[in-house]
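Please read the structure below before turning to the comments.
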Amino acid sequence: MIQCKEETNYTLGKEQVGKITSATQIRELYSIFENDSIVSHLGEDNVAESTYDEYLVYNKNGDHLLTIIPKIEQDSSSTIENIQIFDKNYKTVKGLNIRGTFKDIVDNYTVNKVQSTFSTAVLFVDELNATITIEKKELGVNDFGTQKIKLEQIPDLAKIKGITMWFK
């Protein structure tokens with residue numbers, strides 16, 4: 001019974017990150033993570049000159065677990081727009097986590113789209129409603145342009161840099 005509860009606390013799925021679902025409001029985070037620490041602040045958006053709310057969740061050891069972005073800024077009743085995963089304990093039912101590789105992704109999920117940024121390849125996995133980033137240096141690409149990257153160019157052992165779960 002404890003193991004089941006533990007899995008639920010760290011399960012990644014479509015519109016689910018542990019106990020957080022698409023219906024979870026920002027104010028509920030404090031009870032969900034009552035044994036952890038939540039740091040709330042307005043961050044600077046380097047792309048646009050605006051600000052956004054973010055809630056950083058740390059465990060007792062000070063390890064960064066999650067970064068949570070609400071749909072509506074400075075509104076505790078807002079639901080969640082997305083959650084960035086930083087802790088390896090969060091994983092999908094098929095075992096995919098932040099320590100995975102490109103092969104772990106394609107062996108278990110369909111990559112619906114690949115988008116290139118200056119430093120990463122962003123993989124869109126609709127089944128999870130997630131984006132997964134892989135640094136271009138893992139692909140053997142040193143150019144900081146946004147040239148198109150195809151799935152075939154990504155080596156099996158390319159390490160995952162980040163996982164973001166999106167909520168509708």
Side-chain angles (χ1 to χ4, degrees), residues 1-100 104-105 108-135 146 160-168:
M1 196 140 97
I2 290 172
Q3 186 172 359
C4 232
K5 182 182 177 219
E6 191 71 22
E7 285 177 16
T8 305
N9 289 344
Y10 293 102
T11 300
L12 293 179
K14 193 167 193 165
E15 297 188 19
Q16 177 193 1
V17 173
K19 293 180 180 179
I20 302 170
T21 68
S22 58
T24 302
Q25 295 181 341
I26 292 298
R27 69 172 139 241
E28 296 174 84
L29 296 176
Y30 296 95
S31 61
I32 291 171
F33 296 104
E34 64 186 343
N35 295 323
D36 299 305
S37 177
I38 297 177
V39 177
S40 165
H41 70 282
L42 251 80
E44 291 183 22
D45 186 339
N46 294 331
V47 179
E49 297 279 328
S50 65
T51 57
Y52 59 90
D53 274 336
E54 64 180 10
Y55 296 81
L56 287 70
V57 181
Y58 295 89
N59 67 14
K60 293 177 210 158
N61 298 326
D63 300 320
H64 188 185
L65 305 177
L66 307 167
T67 295
I68 301 168
I69 307 292
K71 287 182 181 175
I72 301 170
E73 296 174 15
Q74 299 178 350
D75 181 353
S76 65
S77 66
S78 174
T79 55
I80 293 162
E81 181 175 331
N82 70 64
I83 300 177
Q84 294 173 303
I85 312 302
F86 292 94
D87 184 73
K88 67 179 173 44
N89 292 313
Y90 286 93
K91 60 185 173 187
T92 67
V93 293
K94 296 179 182 177
L96 181 66
N97 71 8
I98 194 77
R99 296 258 175 99
D104 297 328
I105 301 166
N108 294 292
Y109 300 98
T110 300
V111 175
N112 301 93
K113 179 177 152 186
V114 180
Q115 189 174 341
S116 181
T117 70
F118 286 109
S119 61
T120 63
V122 181
L123 312 178
F124 292 77
V125 180
D126 293 351
E127 180 181 344
L128 295 171
N129 211 24
T131 51
I132 301 171
T133 54
I134 296 176
E135 287 190 21
T146 56
I160 293 173
K161 177 184 181 200
I163 298 175
T164 302
M165 305 299 288
W166 294 87
F167 292 29
K168 291 184 179 185

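Numbers for residues simply follow the sequence, beginning at 1.
Between I134 and L123, some side-chain heavy-atom pair lies under the 4.5 Å cut-off. Side-chain contact between D104 and I160 is absent, with no heavy-atom pair separated by less than 4.5 Å. Counting only heavy atoms from C-beta outward, the side chains of I68 and I20 approach each other to under 4.5 Å. Within the 4.5 Å cutoff, no side-chain heavy atoms of E54 are placed close to those of Q84. No side-chain heavy atom of T21 sits under 4.5 Å from any side-chain heavy atom of E15.
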(request) Kindly indicate, with the supporting measurements, whether the criterion side-chain contact (heavy atoms from CB on, under 4.5 Å) is fulfilled by D126 and T110. (result) CA-CA 8 Å; D126 293 351; T110 300; over 6 Å; no
(message) Could you go through S76 and Q25, starting from their C-alpha distance and side-chain angles, then the distance that decides it, and tell me whether this counts as side-chain contact (heavy atoms from CB on, under 4.5 Å)?
(response) CA-CA 7 Å; S76 65; Q25 295 181 341; over 6 Å; no
(request) Could you go through the side-chain contact (heavy atoms from CB on, under 4.5 Å) check for N108 and T92 one step at a time? (result) CA-CA 10 Å; N108 294 292; T92 67; over 6 Å; no
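Between the side chain of E34 and the backbone N or O of D36, no donor-acceptor pair lies under 3.5 Å. A donor-acceptor contact shorter than 3.5 Å is absent between the side chain of T120 and the backbone of V122. Listed for the N129 side chain is a donor-acceptor partner under 3.5 Å among the backbone atoms of W166. No donor-acceptor pair closer than 3.5 Å links the side chain of S22 to the backbone N or O of K168. Between the side chain of T133 and the backbone N or O of G162, at least one donor-acceptor pair lies under 3.5 Å.
Across every non-hydrogen atom of D53 and I69, the tightest pair is O-CD1, 3.5 Å. Nearest heavy-atom pair, Q16 versus F167, reported as atom, atom and distance to 0.1 Å: N-CZ, 4.0 Å. Closest non-hydrogen pair, K161 versus I98, comes out as O-CD1, 3.7 Å. Y30 approaches S40 most closely through the heavy-atom pair OH-CB, 3.9 Å. Of all non-hydrogen atoms in R99 and N97, the two that sit nearest each other are N-OD1, 2.9 Å.
The CG atom of N112 lies 12.0 Å from the OG1 atom of T131; values are rounded to the nearest 0.5 Å. Atom CE of M165 is separated from atom CD1 of I132 by 8.5 Å, given to the nearest 0.5 angstrom. Rounded to the nearest 0.5 angstrom, E28 CD and T79 OG1 are separated by 10.0 Å. Rounded to the nearest 0.5 Å, atoms OG (S37) and NZ (K60) are 12.0 Å apart. Rounding to the nearest 0.5 angstrom, the gap separating the OH atom in Y55 from the OG1 atom in T67 is 12.5 Å. Atom CD1 of I32 and atom OG1 of T24 lie 4.5 Å apart (nearest 0.5 Å).
The aromatic rings of H64 and F86 sit parallel to each other, their planes meeting at less than 30°, with 60° as the upper class boundary.
Among the candidates I83, D87, I85, the single residue satisfying the side-chain contact (heavy atoms from CB on, under 4.5 Å) test with L65 is D87.
Applying the salt bridge (charged side-chain N to carboxylate O under 4.0 Å, His left out) rule to E135 yields the partners K137; only residues at least two apart in sequence or on another chain are considered. Residues forming a ring-ring contact (aromatic ring centres under 6.0 Å, His included) with Y109 (at least two apart in sequence, or on another chain): none.
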